[in-house]
Amino acid sequence: MTGFRALPSVDQLVHALPLLVEAHGRQPVTAAARARLDAAREAIRSGADGAIEAARLPHLLAADLAGQAVTQLRPILNLTGTVLHTNLGRAILADEAIAAASAAMAAPLALEYDLATGGRGQRDDHLRDLLRELTGAEDATIVNNNAAAVLIALNTFGQGRQSIVSRGELIEIGGAFRMPDIMSRAGTQLVEVGTTNRTHPRDYRDALSDQTGLILKVHTSNYRIEGFTAEVAAPQLAPIAHEAGVVLLNDLGAGSLVDLSRWGLRREPTVAEAVAEGADLVTFSGDKLLGGPQAGFIVGRRDLIARINKNPMKRAVRLDKIRIAALEATLRLYRDPARLAQRLPVLRMLSRAQSDIIAQAARLAPQVAALLAPLGYDAAVVDCASQVGSGSLPTDTIPSAGLRLTGAGGDAPDRLAARLRALPRPVIGHIHAGALILDLRCLQEDADLLAALADL
Ligand SMILES: *Cc1c(COP(=O)(O)O)cnc(C)c1O
């Protein structure tokens, strides 16, 4: 039985592991060595043998450092069936957008510089003309995300004044984004009108006063009220706002730039329609149905956009060059709607036919079953239902297909889900009716899944 004296010093231990130092750097190896030596001393104090503890150290250190080198942000396979999964980073980008973002990272670019005159330019200029063309709006400004778009618009026109919203539209998007809280942070006083299920034009008219700054209309994208309901649509609301000389702001949320029914999906109001319906300003997200990077757009009247751009908050919520480059490339794809579903991954995934996904599941089932058999699991083809996600088209599911993975024991799906999450390329499914389901709608290549599972 040997004690503490069998342990090396931190320096001796680090010195004895030159390959680890070369791979990870001296500082991380020293920190890991210190932590492991502390743990070894603790073990010896509780009766462990010093020589055995010392012999384990190189192996433990190598594992610690390898673990630290793996990023949580490694690519995963999203087989949850939710195409725009907020917790998994929402939209994946088109090749054109990825190339533009990479180029913007690697070299200087004329972000706020006019190449024609050599004078100063504005970073939003790169997107303004495309947005005007695609939405029919007079002008546009771009911010960090749609939450910021709503915040800065409310602050610009509602600060120290009142903002009118229907009680049926006082939504929570998720996380801490609740419309009443955003309003108070924007410095505007919320005036609620109507009831949860019914709001009428007279409710808005009665609430207008010389204190009113704006009327806010919110597209209730993540829930739907059905039954005995009445809402005041934007075309009815616009004249009410304009007679009173206040701004009508329509927060669309997902904000599609094209009519999705063209690809067999349910119609969502497009941004161009919202503009044509008479809203002074329309806000929407870059990374929901639009299929780009995280961003928030405000499009609408030129004089109002100019006031938003003068708000000092704009500087705090502006976009960086990488995302501006990716957005410009993404928006360009919309100029050719006929090829959009091939080039924009979000639309490509959403518009995939169920028959195509069933065929993929049938191809993969025997191979996946063979990979899982040693773990005691089987795989079979199953029909399932995908969702758009991110609060878009919430009550709609899209017929899909996938693999149903089953094993013995009540906790079999949870145990397998944990194994798949721990893979070098994690595979994320969802548990339904006692099985782990892998919805294949978002699986681009069969080989991606087989390669990921080969590491089991
Ligand atoms: C999603 C959503 C937001 C927030 O947009 P982010 O881009 O996630 O910041 C705001 N309003 C509505 C109606 C939404 O659906």
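Atoms within a ligand are numbered from 1 in the order they appear, just like the ligands themselves. If you read the sequence from its start, that first residue is 1, and numbering goes on from there. From a predicted model like this one, the values you see are computed outputs, not experimental measurements. No hydrogens, no waters, no symmetry mates; every other heavy atom, side chains included, goes into these values.
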For [X], counting its heavy atoms only, list the atoms of ligand 1 lying under 4.0 Å from any of them.
X	result
Gly253	12 (C), 13 (C), 14 (C), 15 (O)
Ser285	5 (O), 6 (P), 7 (O)
Ala147	4 (C), 5 (O), 6 (P), 9 (O)
His219	13 (C)

Against ligand 1, does [X] come closer than 4.0 Å with any heavy atom?
X	value
Val150	no
Lys288	yes
Lys217	no

Has the side chain of His219 got a donor or acceptor atom that lies under 3.5 Å from a matching backbone atom of Asn250?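 Such a contact is absent between His219 side chain and Asn250 backbone.
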Any N or O of Leu252 closer than 3.5 Å to N or O of ligand 1: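 It does not: no N or O of Leu252 is found under 3.5 Å from an N or O of ligand 1.
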Does Ser390 reach ligand 1 with a nitrogen or oxygen that is under 3.5 Å from one of the ligand's nitrogen or oxygen atoms?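 No, Ser390 has no N/O under 3.5 Å of an N/O on ligand 1.
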Are there more than 12 heavy atoms of other residues, nucleotides or ligands under 6.0 Å from atom CZ of Arg302?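 Atom CZ in Arg302 is crowded, with more than 12 foreign heavy atoms closer than 6.0 Å.
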Consider side chain to side chain donor-acceptor pair (under 3.5 Å). Of Arg198, His200, Lys217, Gln236, which one does Glu231 pass it with?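 Among Arg198, His200, Lys217, Gln236, the one that satisfies the side chain to side chain donor-acceptor pair (under 3.5 Å) with Glu231 is Lys217.
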From Asn309, Thr188, Asn311, residue fulfilling side chain to side chain donor-acceptor pair (under 3.5 Å) relative to Thr156: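 Going through Asn309, Thr188, Asn311 one by one, the side chain to side chain donor-acceptor pair (under 3.5 Å) with Thr156 is satisfied by Asn311 alone.
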Ionic contact status for Asp203 with Arg167, cut-off 4.0 Å: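 Looking at Arg167 and Asp203, the cut-off is not met.
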Residue among Leu420, Asp455, Asp448 satisfying side-chain contact (heavy atoms from CB on, under 4.5 Å) with Arg425: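 That would be Asp448; it is the only one of Leu420, Asp455, Asp448 passing the side-chain contact (heavy atoms from CB on, under 4.5 Å) with Arg425.
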